[in-house]
Amino acid sequence: MKLFSDKLRTEDWVTVWVAIPLLVLAGTFAKNVPNVPSTLFGEVAWYNILILFGIVTVITYAGMALLKRPMKGLLLSLVCVFALSIVAQMLAKIPFIKAYGFEAVFFSVILGLIVRNAWHVPAWLKPAIQGEFFIKIGVVCLGATIMIQDVMKSGIFGLVQAVMVVTVVWFFAYWYACRSGMDRPSAMILASGLSICGVSAAITAERATGSKENKLPYIVSLILIIVVPMIYLMPWLANMILPLLFDDPQTVQEVTGAWIGGTIDTTSGVGASSMIAGEVANTHAMIIKGTQNVLIGVVAFFIALYLSTHQQGGGAQKPSPGIVWEKFPKFIIGFVVASLVFSLLKEYGIFTPNELGKLPEKDVAKMFSTLFFSLAFVCIGLDTRLKDIISKDNRNVLRSFLVAQTFNIIVTFVIACVMFGILKPMW
């Protein structure tokens with residue numbers, strides 16, 4: 001019995017247990033949970049910050065206690081990490097910056113890198129540098145933002161496109177990255193982030209592979225930087241090419257949305273880009289992106305299955321459910337269950353949209369996800385030397401990403417045209 005208990009107290013499982021109270025808060029007190037303010041001025045802003053810090057503190061201490069990790073000096077360290085994450089999220093909320101598609105996690109990495117490389121990380125700051133712990137909580141909370149009903153709105157065409165794009169782009173990106181000299185785990189991280197949904201997929205793949213190369217910060221930075229020109233490039237390309245192929249404006253909008261939703265890596269980037277293209281394009285793009293997000297768990301399973309048959313030295317071993325289960329990132333189960341539970345609660349009318357047509361419970365879950373992702377990437381920045389990121393060793397990563405993203409744009413264009421430009425109108 002003790003062995004079973006210990007298995008449920010690994011980091012993967014503990015992050016699920018401590019994420020449950022966050023999801024309960026989102027589901028029952030959505031209107032009362034404060035959001036990250038956009039300014040430090042005013043009593044309300046500081047009240048919100050203090051409440052959020054209290055929540056993060058309770059979750060962190062509970063997790064460290066379950067994991068039996070030392071907690072000496074944790075509070076002071078957590079104050080600093082939390083402060084950097086709040087600044088990063090405030091920077092991302094500035095309208096000018098938000099319009100260009102930069103996300104909170106980008107600024108989180110940058111601030112962490114500045115502290116790590118301009119000064120140093122003192123011993124007292126290290127207890128709260130728990131990047132993987134925060135990442136996994138963020139992924140579980142992210143699951144609650146994906147409504148199965150929204151995924152189903154695109155019907156069989158959206159589902160087929162999502163599966164085809166993820167499969168074809170993932171294998172091409174993985175093949176090309178390996179051919180360019182990247183190690184297999186790092187190639188899997190790059191392929192997952194580029195083909196599925198950006199940061200969260202890269203994070204999940206990094207956990208599934210157990211990569212020791214520390215390429216994650218660089219890959220995430222690439223995802224978050226390259227998405228900016230794509231936000232403007234994709235609507236321009238769609239407006240220039242698609243009217244030449246399709247006469248119906250509705251079809252043009254649907255294909256545009258499917259193309260944008262399948263190529264831009266971050267969800268916020270998809271939203272910003274598709275809004276430029278039009279309302280119908282925006283609706284389809286967000287649905288397609290949501291459908292691809294669901295495939296995080298599927299890809300993680302197959303990565304675990306592959307790695308279970310390949311030893312470090314290149315030898316193979318007979319796959320078994322036990323080996324796959326050992327390598328599978330357990331927190332993905334929390335991600336899937338959160339999505340199913342929140343979707344069912346919406347389906348049965350327990351969760352209802354507000355006057356703006358938004359689901360408050362989903363918005364709060366998204367806020368928690370962003371908050372813990374931001375904490376995680378502050379930690380990653382604090383734990384990363386800048387010279388490792390800008391080294392010559394990463395040039396093949398940049399080349400692999402750019403080539404695979406170009407391939408992604410072309411392949412997704414063809415699939416979107418076939419699915420939404422030809423087959424759907426005939427249906």
Side-chain angles (χ1 to χ4, degrees), residues 36 40 53 56 60 69 73-94 96-97 100-136 138 181-183 185-186 189-190 193 198-200 202-203 205-207 209-229 265-266 370-402:
V36 176
L40 291 175
F53 178 69
V56 168
T60 304
R69 291 178 182 173
L74 180 60
L75 183 60
L76 179 59
S77 176
L78 188 60
V79 168
C80 295
V81 173
F82 180 82
L84 289 172
S85 75
I86 289 295
V87 172
Q89 291 175 81
M90 287 182 175
L91 288 172
K93 285 175 178 283
I94 297 173
F96 174 78
I97 292 176
Y100 279 90
F102 287 104
E103 296 187 342
V105 288
F106 172 77
F107 292 106
S108 298
V109 171
I110 295 300
L111 292 176
L113 285 171
I114 290 173
V115 173
R116 171 67 174 83
N117 294 275
W119 298 281
H120 69 284
V121 178
W124 61 263
L125 186 54
K126 293 181 180 179
I129 301 179
Q130 303 284 340
E132 282 207 14
F133 175 77
F134 293 132
I135 280 172
K136 293 168 187 176
M182 290 180 63
D183 62 282
S186 296
I189 296 169
L190 184 146
V199 173
S200 52
I203 290 166
E206 193 264 351
R207 174 61 187 88
T209 62
S211 175
K212 304 299 182 183
E213 293 295 320
N214 200 29
K215 298 290 186 183
L216 183 63
Y218 185 70
I219 292 172
V220 167
S221 298
L222 283 179
I223 291 171
L224 296 174
I225 291 172
I226 292 176
V227 75
V228 177
D265 296 320
T266 69
T370 301
L371 175 60
F372 280 91
F373 276 153
S374 183
L375 288 167
F377 278 91
V378 168
C379 295
I380 288 173
L382 289 171
D383 214 20
T384 303
R385 293 185 302 173
L386 189 59
K387 68 177 184 179
D388 293 335
I389 291 182
I390 61 177
S391 66
K392 293 181 179 179
D393 295 338
N394 284 320
R395 290 178 183 174
N396 58 345
V397 182
L398 175 61
R399 181 173 64 252
S400 298
F401 190 94
L402 293 176

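Below, all heavy atoms of this structure are taken into account, side chains as well, without hydrogens, waters or symmetry copies.
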Is the side chain of S374 donor-acceptor paired with the backbone N or O of T370 at a distance under 3.5 Å, no angle test?
->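 Not at all, since once roles are kept as given, no pair shorter than 3.5 Å links the two residues.
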Measuring from I110:CD1 to F377:CZ, what's the distance to the nearest 0.5 Å?
->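 Result: 12.0 Å between the selected atoms.
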Can you find a heavy atom in the side chain of L40 that is under 4.5 Å from one in the side chain of M90?
->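 Heavy-atom side-chain distance check passes, below 4.5 Å.
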Find out whether F133 and L375 are in side-chain contact, i.e. whether some heavy atom of one side chain is under 4.5 Å from a heavy atom of the other.
->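 They are not in contact (no side-chain heavy atoms under 4.5 Å apart), so the answer is no.
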Validation row: I226, L402 side chains within 4.5 angstrom (heavy atoms) =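 Yes. Closest side-chain heavy atoms under 4.5 Å.
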Atom CG in D265, atom CG in L222: separation rounded to 0.5 Å?
->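 The CG atom of L222 is 10.0 Å from CG of D265, to the nearest 0.5 Å.
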Between L84 and L111, what is the shortest heavy-atom contact and its length?
->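 Looks like O-CD1, 3.4 Å.
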Heavy-atom pair of closest approach, residues F134 and A128 |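 In terms of heavy atoms, the two residues are closest at CE1-O, 3.5 Å.
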L382 and V81, any side-chain heavy atoms less than 4.5 Å apart |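 Yes, their side chains come closer than 4.5 Å.
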Atom CD1 of I86 and atom CD of Q89: how far apart are they, to the nearest 0.5 Å?
->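 One finds 5.0 Å between CD1 of I86 and CD of Q89.
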Interatomic distance, M182 atom CE to F401 atom CZ [nearest 0.5 angstrom] |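 Rounded to the nearest 0.5 Å, the CE-CZ separation comes to 10.5 Å.
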Rounded distance (nearest 0.5 Å) linking atom CZ of F372 with atom OG1 of T60 =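 Reported to 0.5 Å precision, the distance equals 6.0 Å.
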Closest non-hydrogen atom pair between L125 and C80, with its separation |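 For L125 versus C80, the nearest heavy atoms are CD1-CB, 3.6 Å.
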Does I114 reach the side chain of W119, with side-chain heavy atoms less than 4.5 Å apart?
->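 I114 vs W119: side chains touch.
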Heavy-atom closest pair, residues Q130 and C379 |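 Of all heavy-atom pairs spanning Q130 and C379, the closest is N-SG, 3.5 Å.
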Can you tell me if S108 uses its side chain to pair, donor with acceptor, with the backbone of A88 under 3.5 Å?
->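 Between the backbone of A88 and the side chain of S108 there is no qualifying donor-acceptor contact (under 3.5 Å).
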Side-chain contact, heavy-atom cut-off 4.5 Å: F53 with L78?
->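 A side-chain contact under 4.5 Å exists here.
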Is S77 reaching over with its side chain to a backbone N or O of G73, donor-acceptor style, under 3.5 angstrom?
->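 No, because the side chain of S77 does not come within donor-acceptor range (under 3.5 Å) of the backbone of G73.
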Any chance you could measure N396, atom CG, to D183, atom CG, to the nearest 0.5 Å?
->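 With rounding to 0.5 Å, CG (N396) is 9.0 Å from CG (D183).
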Considering non-hydrogen atoms only, spot the tightest contact between A202 and I223 and give its length.
->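 Looking at all heavy atoms of both residues, the closest pair is CB-CD1, 4.4 Å.
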